[in-house]
2 protein chains.
Amino acid sequence: MEKQTVTIYDVAREAAVSMATVSRVVNGNPNVKPATRKKVLAVIERLDYRPNAVARGLASKRSTTVGVIIPDVTNIYFAALARGIDDIAMMYKYNIILTNSDDAGEQEVNVLNTLMAKQVDGVIFMGNHIDDKLRAEFKRAKAPVVLAGTVDPNNETPSVNIDYAAAVEEVVTNLIARGHKKIALALGSLSQSINAEYRLTGYKRALTKAKIPFDDALVYEAGYSYDAGRKLQPVIADSGATAVFVGDDEMAAGLINASMESGINVPDDLEVVTSNDTIITQITRPAITSITQPLYDIGAVAMRMLTKLMNDKELDEKTVTLPYGIVRRGSTKSAD
Amino acid sequence: MEKQTVTIYDVAREAAVSMATVSRVVNGNPNVKPATRKKVLAVIERLDYRPNAVARGLASKRSTTVGVIIPDVTNIYFAALARGIDDIAMMYKYNIILTNSDDAGEQEVNVLNTLMAKQVDGVIFMGNHIDDKLRAEFKRAKAPVVLAGTVDPNNETPSVNIDYAAAVEEVVTNLIARGHKKIALALGSLSQSINAEYRLTGYKRALTKAKIPFDDALVYEAGYSYDAGRKLQPVIADSGATAVFVGDDEMAAGLINASMESGINVPDDLEVVTSNDTIITQITRPAITSITQPLYDIGAVAMRMLTKLMNDKELDEKTVTLPYGIVRRGSTKSAD
DNA sequence: TTGAAAGCGCTAACAC
DNA sequence: GTGTTAGCGCTTTCAA
């Protein structure tokens with residue numbers, strides 16, 4: 001299996017120039033006489049020389065790879081961000097080391113450390129919660145970190161998001177306007193700040209505006225999965241809620257399917273609104289009214305910010321808030 | 001932003017041992033006196049020393065990273081494989097450089113080359129088609145390549161798959177047994193061998209067994225997307241087909257939703273069977289009968305094979321065929 | 001415009 | 001059990 005490898009030194013010898021010159025032509029340095037460049041290029045071609053990025057990384061202290069920490073590639077929401085990240089990374093000649101963290105703090109720290117060991121030039125972090133431990137690691141890291149679709153309540157780390165609180169507030173306000181008094185909130189764990197500090201906040205703001213008392217019995221912590229949604233359905237049915245805002249599309253799909261199966265009509269008996277506008281929202285019947293987010297762009301913008309940081313440029317704004325929307329589909333009754 | 005970096009040399013000096021000894025304890029080499037090890041470990045702790053994986057890679061010629069080429073992370077099917085790959089990689093202390101190829105030959109070749117430049121120890125390739133150009137690159141690569149969920153008709157590259165032809169044959173045979181004579185085949189491009197040489201083959205075998213003449217007007221090349229499925233629906237409706245086998249779950253979902261909306265009942269007027277048993281198949285109404293594949297395991301097994309190859313071990317079998325199943329859901333009529 | 005030479009931080013013989 | 005010494009393949013001053 002061992003194939004001999006041709007190095008910059010071989011090229012230099014064959015072309016009768018120095019390694020430095022070869023390095024210059026490989027790196028597009030303009031200070032090379034066209035004739036020399038041509039000669040070197042010919043030898044490179046003939047020898048099929050491929051620069052060794054690892055050696056280059058060691059010498060230059062830049063690996064041209066960035067780490068991406070994702071809860072789970074299999075999660076449609078985060079996968080969409082990842083695609084935006086990779087496209088922009090590629091555009092800037094970076095590669096992505098992708099690692100799943102399962103949203104587990106310990107794993108996130110481990111992964112971050114192995115990424116640093118691999119000398120990534122930067123890191124994009126996606127997750128549902130950032131605790132002090134993680135924040136400390138970000139600070140300690142010698143490469144910049146940008147959050148994508150991930151909130152840091154302390155606002156210490158640059159990030160790209162939508163205004164989750166405002167979006168939820170708008171959704172719930174719409175629901176209230178249509179007469180709902182008991183609106184359930186189906187979220188992931190409240191230990192995650194996106195839920196506890198943003199979605200819940202938006203929800204409460206809407207209630208307050210409408211002078212509806214907050215009832216924490218209507219707030220449910222479940223998992224972000226289809227089955228979690230199904231399991232939650234009877235619980236929500238018992239609560240007497242007539243509408244529900246859900247934090248994850250798959251969960252919303254499970255909730256809707258289970259409702260319809262048990263004779264609870266969506267939207268007549270229960271209106272459902274979800275969060276991420278993934279393809280799931282179009283596939284269910286009824287289709288799901290959802291907050292819309294520029295998923296791809298969240299990733300893309302985060303990666304753009306990271307490239308700036310990696311080149312020691314200043315960020316125009318540390319916290320980028322992209323616009324959200326709300327798209328009405330069959331899971332809610334038509335506008336009033 | 002520059003943080004000074006502590007090297008193996010610093011540790012050696014502080015611990016009053018040689019670099020070699022530090023290297024040994026870092027790498028768990030047993031040939032170190034416990035007392036020495038302890039002393040070194042203490043210094044490592046105190047200095048917060050982190051080995052530089054790039055330097056290690058250059059010196060040892062092993063980067064402990066593998067390249068993963070995926071058509072699109074956003075594709076639920078491939079994402080599921082990717083998760084299996086990453087989990088096993090992590091288990092073996094490898095990291096994954098993930099790159100999207102959009103199934104485009106040229107991009108696949110580029111990406112493969114940059115992965116090789118980064119000195120990956122191996123590559124997992126996922127895609128819908130392998131042409132001669134790509135095969136040549138695989139051969140030329142100095143790191144082993146394993147295909148996951150991807151067929152090489154020439155069988156030159158190690159791979160992990162299910163028996164697509166047999167699965168489709170079984171599906172179509174079942175359909176025929178229930179009285180269908182006109183069964184459509186909704187696939188991706190026939191230039192992709194998984195379609196042209198496997199699914200189509202299985203389809204034809206089933207027809208032949210039942211002495212039903214093959215009609216290529218019933219074979220449709222569409223895209224692997226929800227919208228492609230929707231667009232295909234009227235075409236299939238016009239064909240007079242009473243059943244259809246679909247090559248992608250999202251496409252099947254689009255086909256089903258569009259059918260129901262235009263008054264064609266699934267499964268009464270049109271039975272639908274799909275290929276990948278992703279979560280999509282449970283979300284639609286009716287839910288979709290599907291071939292089941294051990295998605296995660298396809299990735300996991302491929303990665304296991306790759307670890308063997310990377311350690312110059314022999315493969316028990318070059319082509320691994322994992323078992324498939326068929327799960328009946330609402331998009332087909334109940335068993336006869 | 002080009003070359004010489006000194007590393008980058010680590011591993012891997014080899015010697016002791 | 002431990003140290004010495006070459007590199008790994010490249011970038012990057014510094015001189016020329």
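All chains are named by letter (A, B, ...) in the order of the sequence lines, taking the proteins before the strands, and each is independently numbered beginning at 1. It should be emphasised that the depicted structure is a prediction, and the values quoted were computed from it without experimental measurement.
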Student: C:dT11, D:dT12, D:dG9: which one has an atom nearest the side-chain heavy atoms of A:S60?
Tutor: D:dT12
Student: Determine the contact category for A:V54: base if any of its heavy atoms lies under 4.0 Å from a base atom, sugar-phosphate if only primed atoms, P, OP1 or OP2 are that close, otherwise nothing.
Tutor: nothing
Student: Closest nucleotide of DNA chain D for B:A59 versus for B:R24: which of these residues is on the 5' side?
Tutor: B:R24
Student: Could you tell me the separation between the CD1 atom of B:I8 and the P atom of C:dG7, rounded to a whole number of Å?
Tutor: 18 Å
Student: Mark yes when over 12 heavy atoms from residues, nucleotides or ligands other than B:K33 sit less than 6.0 Å from its NZ; otherwise mark no.
Tutor: no
Student: Does a side-chain N or O of A:K61 approach OP1 or OP2 of C:dG9 to a distance below 4.0 Å, or not?
Tutor: yes
Student: Whole angstroms only, please: what is the CD-C1' distance between A:Q119 and D:dG9?
Tutor: 17 Å
Student: State which of D:dG9, C:dA4, C:dT11 makes the closest approach to the side chain of B:L58.
Tutor: D:dG9
Student: D:dT4 phosphate, OP1 or OP2: any side-chain N/O from B:Y9 under 4.0 angstrom?
Tutor: no
Student: Could you check whether any side-chain N or O of A:T21 sits under 3.5 Å from a backbone N or O of A:M19, counting only pairs where one atom can act as donor and the other as acceptor?
Tutor: no
Student: Between D:dG7 atom C1' and A:N52 atom CG, what is the distance in whole Å?
Tutor: 14 Å
Student: May I ask you to evaluate whether B:T21 reaches the phosphate of D:dG3, defined as a side-chain N or O under 4.0 Å from OP1 or OP2?
Tutor: yes
Student: In plain terms, say whether A:D86 and A:R83 are close enough for a salt bridge, that is, a side-chain N and a carboxylate O under 4.0 Å apart.
Tutor: no
Student: Which whole-number value in Å describes the distance from B:K39 NZ to D:dG1 P?
Tutor: 14 Å
Student: Quick one: does any side-chain atom of A:N29 pair with a main-chain N or O of A:N31 as donor and acceptor, under 3.5 Å?
Tutor: yes
Student: Using whole Å, report how far CG of B:N29 lies from P of D:dG1.
Tutor: 10 Å
Student: Between A:R37 (CZ) and C:dT2 (P), how many Å, whole number?
Tutor: 9 Å
Student: Under 4.0 Å: is that the gap between some side-chain N or O of B:R56 and OP1 or OP2 of C:dG9?
Tutor: no
Student: Can you check whether A:K313's main-chain N or O pairs, donor with acceptor, with A:N311's side chain at less than 3.5 Å?
Tutor: no
Student: Taking for each residue the nucleotide of DNA chain D with the nearest heavy atom, is it B:A55 or B:S18 whose nucleotide lies nearer the 5' end?
Tutor: B:S18
Student: Just to confirm, is there a sub-4.0 Å distance from OP1 or OP2 of C:dT11 to any side-chain nitrogen or oxygen of B:N27?
Tutor: yes
Student: Between D:dT11, C:dG3, C:dC10, which nucleotide gets closest to the side-chain atoms of A:S23?
Tutor: D:dT11
Student: Regarding B:V26, tell me which of base, sugar-phosphate or nothing describes its non-hydrogen contacts under 4.0 Å with the strands shown.
Tutor: nothing
Student: Measure CZ/B:R62 against P/C:dC10 and give the value in whole Å, please.
Tutor: 18 Å
Student: Taking only the side-chain heavy atoms of B:T36 (C-beta and beyond), determine which of D:dT4, D:dT2, D:dC10 contains the nearest atom.
Tutor: D:dT2
Student: Is there a donor-acceptor pair under 3.5 Å between the side chain of A:K118 and the backbone N or O of A:G67?
Tutor: no
Student: In whole angstrom, what separates B:N31's CG from C:dA13's P?
Tutor: 14 Å
